[in-house]
Amino acid sequence: MSDARTASAYWGRDGLERKILEALAAAGKNLESLTIDDLAPVDQFHSGGKAATVRLARLASLKPGTRVLDVGGGLGGPARTLAADFGCDVTVVDATESYVRAGAALTARVGLGHRVTHQLGDALALDVAPGALDVVWTQNSGMNIADKDRLYAGFARALRPGGRLATQEPMAGPIQPAIFPLMWARDASMNFLRPPNDMRAVIEAVGFRVRAWEDVTAELSGSSAGSAVPAHAIQRIVMGDALEAIIEAGHRNRAERRIVMIQAVCERA
Ligand SMILES: C[S@@+](CC[C@H](N)C(=O)[O-])C[C@H]1O[C@@H](n2cnc3c(N)ncnc32)[C@H](O)[C@@H]1O
């Protein structure tokens, strides 16, 4: 199976839009007047939640009218934030069909269909004209992808000269191995993290200049930690009973520096 099909089988869930709406209703949200902040617990599927998305968008100096491709953009929480709060036009591409469908429904529900579109696709085979984009955005999405050279070469190809890659990714820390289960992998067969220095070398080798490279492990750790995960969080909806073990392993992976979280902005030379 390809990375994309394996990822889709791992992440996909039936009836996701219904489950998300039920969780929001149970949390007391009015489904007829949902805001993107109401959605944040259920559609920002990464460490640090919406605050991490805003942090990265500021790091990348995103401006209104910027053409963004969000690769592995999931349910579209980051994309809707970039559209609503930063004025960007965003295409979300993701390998998991149930996320693409639920994401498009949520985008329509909050009236952002003119700014955000959702497509099924593989990060390793982007359907984008060379040089068409201002920004490639990718947040907690490359963990299941082994071929990092091909992944980042595809990002570089899709960007115009001077265009930027804005990324938040878990990377392998100085202590190995990681403790399983991880949010993205039950065992080592789906976990393709590399150390920050290796990742940086891959990114530079395909033609990027690193403009910012920040270790945000400590800063972003709070919001995916134990009781801080609300009852209606997407992590609970997707992972169900497996979440407690994932949270426990996550504490150790962070505390023991087995996994670090990096935000980076890189410019296509
Ligand atoms: C943890 S979720 C992050 C979603 C989103 N970036 C966010 O932060 O809310 C990881 C996402 O990566 C996607 N993904 C994994 N491998 C992929 C691939 N080869 N091509 C496209 N999407 C992929 C999954 O389908 C999933 O939606």
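As the structure is a prediction and not an experimental result, all values here were calculated from the model. For ligands, and for the atoms within them, numbers begin at 1 and follow the listed sequence.
Note: no N/O pair closer than 3.5 Å links Asp3 and ligand 1 by distance alone. On a distance-only criterion, Asp70 and ligand 1 share no N/O pair closer than 3.5 Å.
Not a single heavy atom of Leu124 sits less than 4.0 Å from an atom of ligand 1. By the 4.0 Å heavy-atom criterion, Ser8 is excluded from the residues contacting ligand 1. Ligand 1 lies within reach of Asp43, whose nearest heavy atom is under 4.0 Å from it. In this structure, Gly121 is part of the shell of residues with a heavy atom less than 4.0 angstrom from ligand 1. Residue contacts with ligand 1 do not include Gly77, since none of its heavy atoms lies under 4.0 Å from the ligand.
The aromatic rings of Phe45 and Trp11 sit perpendicular to each other, their planes meeting at more than 60°, with 30° as the lower class boundary.
Comment: Glu22 engages Arg18 in a salt bridge, judged by a side-chain N to carboxylate O separation of less than 4.0 angstrom. A salt bridge is absent between Arg150 and Asp3: the closest approach of a Lys/Arg side-chain nitrogen to an acidic carboxylate oxygen does not fall below 4.0 angstrom.
In this structure, the protein non-hydrogen atom closest to atom 10 (C) of ligand 1 is Asn140 O, 3.3 Å. Here the protein heavy atom with the shortest distance to atom 19 (N) of ligand 1 is Asp122 OD1, 3.2 Å. Nearest protein heavy-atom contact of atom 3 (C) of ligand 1 is Phe45 O, 3.3 Å. Remark: minimum distance from atom 7 (C) of ligand 1 to any protein heavy atom is reached at His46 ND1, 3.5 Å. In terms of protein heavy-atom proximity, atom 22 (N) of ligand 1 is closest to Ala95 N, 3.2 Å. In terms of protein heavy-atom proximity, atom 26 (C) of ligand 1 is nearest to Asp94 OD2, 3.6 Å. Of the protein's heavy atoms, Ala7 CB, 3.5 Å lies nearest to atom 15 (C) of ligand 1.
Atom CH2 in Trp137 sits 12.5 Å away from atom CG in Leu69 (nearest 0.5 Å).
Environment of CG in Asn197: sparse, with no more than 12 heavy atoms of neighbouring residues, nucleotides or ligands closer than 6.0 Å. A 6.0 Å sphere centred on CG of Asp14 holds no more than 12 heavy atoms belonging to other residues, nucleotides or ligands.
Residue nearest to atom 20 (N) of ligand 1, selected from Ala123, Gly72, Ser141: Ala123 (by heavy-atom distance).
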Could you check Asp134 against Arg160 for salt bridge (Lys or Arg N to Asp or Glu O under 4.0 Å), going step by step and ending with a plain yes or no?
-> CA-CA 6 Å; Asp134 299 316; Arg160 64 169 170 76; 2.8 Å; yes
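For Asp89, the salt bridge (charged side-chain N to carboxylate O under 4.0 Å, His left out) partners at least two apart in sequence or on another chain are Arg115.
For Asp187 and Ser189, the side-chain atoms include at least one donor-acceptor pair closer than 3.5 Å.
Atoms of ligand 1 lying under 4.0 Å from at least one heavy atom of Ile145, given by number and element, are 18 (C), 19 (N). For ligand 1, the atoms sitting less than 4.0 Å from at least one non-hydrogen atom of Gly74 are 4 (C), 5 (C), 27 (O), numbered in the order shown with element in parentheses.
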Counting only pairs under 3.5 Å, give me each side-chain donor-acceptor contact of residues 170-182, with atom names and distances, residues two or more places apart or in other chains.
{"from": "Gln176", "atom 1": "NE2", "to": "Gly173", "atom 2": "O", "distance (Å)": "3.0"}
{"from": "Gln176", "atom 1": "NE2", "to": "Arg258", "atom 2": "O", "distance (Å)": "2.9"}

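Put simply, the side chain of Glu169 never gets that close to the backbone of Ala264: no donor and acceptor are under 3.5 Å apart.
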